[in-house]
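Chain letters run A, B, ... following the sequence lines, proteins first, then strands; residues in each count from 1. Keep in mind it's a predicted model, so treat the numbers as computed, not measured.
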Protein chains: 2
Amino acid sequence: MPDKSSKREKAQQELPAASRRLQMADIARMAGVSVSTVSRALAGSQLINEQTRQRIADLARSLNYSINAGAQSLRTRQNRTVAVVVPLDSATRQHVSDPFFLSMVGSLADALTERGYDMLLSRVDAEHLDAVSRLYDTGRAVGIIMIGQWLHHDQLNAMALRRLPVVVWGAQLPQQLYCTVGGDNVLGGALATAHLLERGRRRIAFFGDARFPEVAQRLEGFLLAHQRAGLTVPEQLKLSVAFAEDSARAALKHLLDAQIAFDAVFACSDLLAMTVINGLRAVGKRVPDDVAVTGYDDIELARYFHPELSTVRQPVVDAGRALVDQLLKIVAGETPESVMLPTELVVRATS
Amino acid sequence: MPDKSSKREKAQQELPAASRRLQMADIARMAGVSVSTVSRALAGSQLINEQTRQRIADLARSLNYSINAGAQSLRTRQNRTVAVVVPLDSATRQHVSDPFFLSMVGSLADALTERGYDMLLSRVDAEHLDAVSRLYDTGRAVGIIMIGQWLHHDQLNAMALRRLPVVVWGAQLPQQLYCTVGGDNVLGGALATAHLLERGRRRIAFFGDARFPEVAQRLEGFLLAHQRAGLTVPEQLKLSVAFAEDSARAALKHLLDAQIAFDAVFACSDLLAMTVINGLRAVGKRVPDDVAVTGYDDIELARYFHPELSTVRQPVVDAGRALVDQLLKIVAGETPESVMLPTELVVRATS
DNA sequence: ATACGACTTGCAATCGATTGCAATATGATC
DNA sequence: GATCATATTGCAATCGATTGCAAGTCGTAT
């Protein structure tokens, strides 16, 4: 090759070949063919002679060569990466470490792996949720799965309007432009409540922060079950409790201090339920004899708890699959419906 | 522009501009400057007139434009993504769902976010661990963090030989070519054991699978503590227990059925410990009165357990930071030492 | 009026792959 | 032996950005 080379990009040439990342041109040179042929061979094109193809494939494998993802996706305009976003609460500066969300991440990782997708995991400040779109705008991911809609209904709608491929784990809301996958929270709330009522409990305290859509729906189910039983719920028993340990402890303390009678607690997460049970135990109340408690989520450790926790199961594995399925549909240009997954009550020992 | 255009790539032009992903050329056209200028403006180059820069930046922001990551990393040969790998056990076809690993993922996500890196999360079949290198070979990630070395010491060494930037959460081993970050397992094992001995326990059962390097070291500490106290451990009390619930249950059943006396259990994970405690309770043994139990990891739920679990804390947050730090050093061309993080005993109610 | 330097901006090559079309080799057909 | 269809392979443009160098503008000193 004559002096067509410029002195522009110099670093490359001077490095010892060994320490450079292998690229298609290297394979081509070693195989004595052109880059096009290597590209086609590795893509399994019919155009390439079977022997050549095999030879190139073997060579590439033996050298541990793999195609540069950036270059490939640049040229083909596609990639196989999905962004999963776990919003973190900047207000409390605390990381969303609820085991339920973590297990959802695990389930998503599996579902994506099954389908040959990679997962880009981001924690994003819930206040700057729009930063999420960057993951898509930069072409890093073909779509976004958000775990938890929290208080961000409007922002999510805005994102959907911008035509961002996004699916959200959460509740279905009226006026919702984005696709959600979630459990049947009304049913879940109703099931747990009806169960407690059936057990003869009449003063069931609700522990949850109804600003969150999912919790609001569970509250709705809670009230519905009472209504069906011809009962009304005193305001005192509807406690606004954040998904945080001290919040649950404070609420329990409030009930006890104010001497508000209650014989059951419907907690909106298993962690809340466990905190409540431990708090009750600390003041000498027995579970479920004095107070029955149900949780929500059915995290793995609910079975390990003592007494084993009665709870409403969220189908994490199905959820992971469904979230991925719906997202891929959106990516494929469809506009899939939101999905509501079946929810079931798991009665164990705390109720 | 004259007829220099070919009919090759046609899709692009015909699409309504709205549905196409915005690119630098669009911004350039709208701002009435060249692509180079936009590139420099967005990169904050001093070469660009401040007003122009501001104008372009505003335009880009208002249009929600962000630079295509693939093209950028192709050109600059760098990117800000780290792959985190959670091996999954293909033998049992079971997903590694231990809360400890999940919380490590969370901690890594935080540590990476702090440093402006994205996290690519993969679950990889432990049998085909070499697939991991693909994440690097394809240029998708600048380096790899493996959570758990399991039984793959040799494969990890091989990867290090291939000069893959990789850091592993696990134990330091002799002849180790890769960088690890881990707790002081020998110390951890010794601390818990010494504590149980101090409490007057003399027949402590060890629950763990010593094929795993970390567990082997905990066993070493376990034996060391006995030795220091002038005691020896009967073989019967060293039980090989996998990180799985049924395995723990079976081991406990074996102890009881064979009427092997024991007054304490040192379990190599909190999940194991909880399983043991529940099993003991099922047969009417009291914890810690009849049998004291300590776990390992100090997962968040250890505090929620009843009785609250005594355990050896693994510093998950520091671990995340350290793993990231070491990896970035490797990426920067250094060859950092392995890190051993401090380990402490947390005495709660089960011992 | 000319020249020179300081600022700004644009041109065009480049990153590592993919792919339409042209080019070549091979064998079959007449 | 010339022609043509078929099977393989290579050339060169392209994806969306970055960046060295050239070129342009403007003010001012000569």
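Within the 4.5 Å cutoff, the side chain of B/His153 has no heavy atoms near those of the B/Leu156 side chain. Taking 4.5 Å as the limit, every side-chain heavy atom of A/Met159 sits out of range of all side-chain heavy atoms of A/Tyr178. Taking 4.5 Å as the limit, every side-chain heavy atom of B/Gln172 sits out of range of all side-chain heavy atoms of B/Glu337. With contacts defined as side-chain heavy-atom distances shorter than 4.5 Å, the pair B/Val142/B/Thr81 does not qualify.
In this structure, the CZ atom of B/Arg80 is 19 Å from the P atom of D/dA17, given to the nearest Å. Whole-Å rounding puts the A/Arg140 CZ to D/dA17 C1' distance at 14 Å. Distance B/Leu47 CG to D/dG24 P: 18 Å, rounded to the nearest Å. In this structure, A/Leu22 places its CG atom 14 Å from C1' of C/dA17, rounding to the nearest Å. Going from atom CD of B/Glu50 over to atom C1' of C/dA6 covers 17 Å, rounded to whole Å. Whole-Å rounding puts the B/Met24 CE to D/dT19 P distance at 10 Å. With rounding to whole Å, A/Arg55 atom CZ is found 14 Å from D/dT8 atom P. Taking atom CG of residue A/Asp137 and atom P of nucleotide D/dA17, one finds them 11 Å apart after rounding to whole Å.
For the pair A/Arg21 and A/Tyr65, the cation does not sit on the ring face, since its NZ or CZ is not both under 6.0 Å from the ring centre and inside 45° of the axis.
Residue A/Arg21 has no polar side-chain atom (N or O) positioned under 4.0 Å from OP1 or OP2 of C/dG16. Phosphate proximity of C/dA17 to A/Asn68: absent, as no side-chain N or O sits under 4.0 Å from OP1 or OP2. Here B/Arg75 does not reach the OP1 or OP2 of C/dA13: none of its side-chain N or O atoms lies under 4.0 Å away. Residue A/Gln72 places none of its side-chain N or O atoms closer than 4.0 Å to OP1 or OP2 of C/dG16. Between B/Tyr65 and the phosphate of D/dA17, there is a side-chain N or O to OP1/OP2 separation shorter than 4.0 Å.
Taking the centre of each ring, B/Trp150 and B/Phe101 come in below the 6.0 Å mark.
If you take OG1 on A/Thr335 and CD on A/Gln326, they are separated by 10.5 Å, rounding to the nearest 0.5 Å.
In the helix from C/dA1-D/dT30 to C/dC30-D/dG1, the end axes, each obtained as the rotation axis mapping the C1' atoms of four pairs onto the next four within a five-pair block, lie 70° apart to the nearest 10 degrees.
Taking the nucleotide of DNA chain D with the nearest heavy atom to each of A/Thr52 and A/Ala71, the more 5' of the two is matched to A/Thr52.
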